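Data block below; observations after.
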2 protein chains.
Amino acid sequence: MAGTTTGPGEAALEAALDRAAAGCLARGAQLTELRRQVLKLVLASPHPVGAYALLDQLRAARPGAAPPTVYRALDFLQEQGLVHRVERLNAFVGCAGPEAHHHCGHGHDHPHQFLICGSCGATAEICDDRVAAAVADAARAAGFFPVRTTVEVEGRCAACAAMTQAAPAAVR
Amino acid sequence: MAGTTTGPGEAALEAALDRAAAGCLARGAQLTELRRQVLKLVLASPHPVGAYALLDQLRAARPGAAPPTVYRALDFLQEQGLVHRVERLNAFVGCAGPEAHHHCGHGHDHPHQFLICGSCGATAEICDDRVAAAVADAARAAGFFPVRTTVEVEGRCAACAAMTQAAPAAVR
DNA sequence: CCCCGGGATGATATGGTGTAACGCCGCAGC
DNA sequence: GCTGCGGCGTTACACCATATCATCCCGGGG
């Protein structure tokens, strides 16, 4: 990788935004300039990002931006499956690859799970059908009709776990 | 059930509180009067209840109560496995039956899942080992070391689903 | 007896998160 | 042109959570 660790390169980012815009159009929605700006900020962040952090960054381009500005954009992007909300963090992440999930046979409202490293804050999205099926089965067994499922696992990512082994004294 | 729909009867409530107090003592902790009052309010609520709603009720008994009062009590109760936090709602529920879960072989930090009815707000806790196992497996397969897992399913409870069928016009 | 340490609580202040409500503007369709 | 609608600006507010310092109580040691 030639870029930094702060996110994808500018070119890849714009390409992803163009793909997202095309996907929105295909669903009869429009990725306006504002929504595109917010999505770009979310995708550029290596970690989940809070709404007010987005707001601060957004004000560079739009001095008049206020909370509803960013929340409305985020609502739209969530409906389009372009970003997800991480409930445990009150924060938002770009969807790893909605198109890829379409290839797996899922719609834009695809099931997903988050792995949140409590040490470094990295958050990974996975898409495990066994988990989704187990949750849906358990819900239905209780007479419940599931609509949307949140699965968030807090723990240690491989890198942080390795560091913990190398210097256990720093953690205990 | 002979009681109302607003929660368990007073006698059953006090019995549960006594059991909780005994459990705390066994773990070397103390269910003080304040904590007992907060736990009673949580258990008496048929739905997840926000911290500030608890605070309002608590002020009937403790006029000087402030946010930290109730949050500290809630932190303690969560550590003891007597209440859970529902992330999607920023609210708290009493644990269905920590003792029952102990019988199932789980500690007081037992895995659990929530079924949240988006129509009536009812929230049920289930404890499905297949779900917990599937999530843990998926996380480990990604090189992740899980510590705590949140599973929350939003949908329709059986009662609300039946009502929706009976009067679909009211929903569309 | 006094002091001291720790846990629990009281009290104040502040920061972070999310939404309601109203109005304006631009555009498509009649 | 009027109207309806979606997107956005703007103000104000409600709700959620924590930091910080002070106080009280109680049991142990000197």
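Below, read A as the first sequence line, B as the second, and so on, with proteins coming before strands; counting in each chain starts at 1. All of these numbers come straight from a predicted model, not from anything done at the bench.
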Look at the side chain of [X] and decide which nucleotide, out of [options], has an atom nearest to it.
X       : options                : answer
A:Leu34 : C:dA8, C:dG18, D:dC8   : D:dC8
A:Thr32 : C:dT12, D:dC8, C:dT9   : D:dC8
A:Pro67 : D:dA17, C:dG18, C:dA11 : C:dG18
B:Asn90 : D:dA17, C:dA11, D:dC8  : D:dA17
A:Ala66 : D:dT11, C:dG10, D:dC16 : D:dT11
B:Tyr71 : C:dG18, D:dA17, D:dC8  : D:dA17

Could you state the [atom1]-[atom2] distance from [X] to [N], rounded to the nearest angstrom?
X       : N      : atom1 : atom2 : value
B:Leu74 : C:dT9  : CG    : C1'   : 15 Å
B:Glu79 : C:dA8  : CD    : C1'   : 13 Å
A:Leu55 : C:dT19 : CG    : C1'   : 14 Å
A:Leu54 : C:dG16 : CG    : C1'   : 14 Å
B:Leu89 : C:dT17 : CG    : P     : 18 Å
A:Glu33 : C:dG26 : CD    : P     : 17 Å
B:Arg59 : C:dG10 : CZ    : P     : 12 Å
B:Arg62 : D:dC24 : CZ    : P     : 16 Å

Using heavy-atom distances to pick each residue's nearest nucleotide on DNA chain C, tell me which of B:Ala73 and A:Ala91 is more 5'.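 The residue whose closest nucleotide sits nearer the 5' end is B:Ala73.
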
Just how far is it from atom CG of A:Leu43 to atom CZ of A:Arg36, taken to the nearest 0.5 Å?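 The distance works out to 10.5 Å.
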
Rounded to the nearest 0.5 Å, the NE2 atom of B:His84 sits from the CD atom of B:Gln78 at a distance of 9.0 Å

With respect to the phosphate group of C:dT9, does any side-chain polar atom (N or O) of B:Thr69 fall under 4.0 Å of OP1 or OP2? no

Assign A:Arg72 to base, sugar-phosphate, or nothing according to its heavy-atom contacts below 4.0 angstrom with the strands shown.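 It contacts base atoms.
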
Donor-acceptor pair, side chain of B:Arg59 and main chain of B:Ala65, under 3.5 angstrom: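 Such a contact is found between B:Arg59 side chain and B:Ala65 backbone.
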
Residues A:Glu87 and B:Arg85 bridged, charged N to O under 4.0 Å: no

So, B:Arg148 and A:Glu154, do they make that salt bridge, N to O below 4.0 Å? yes

Relative to the 5' end of DNA chain D, which residue comes earlier, A:Tyr52 or A:Phe76, by the nucleotide with the nearest heavy atom?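 Closest to the 5' end, via its nearest nucleotide, is A:Phe76.
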
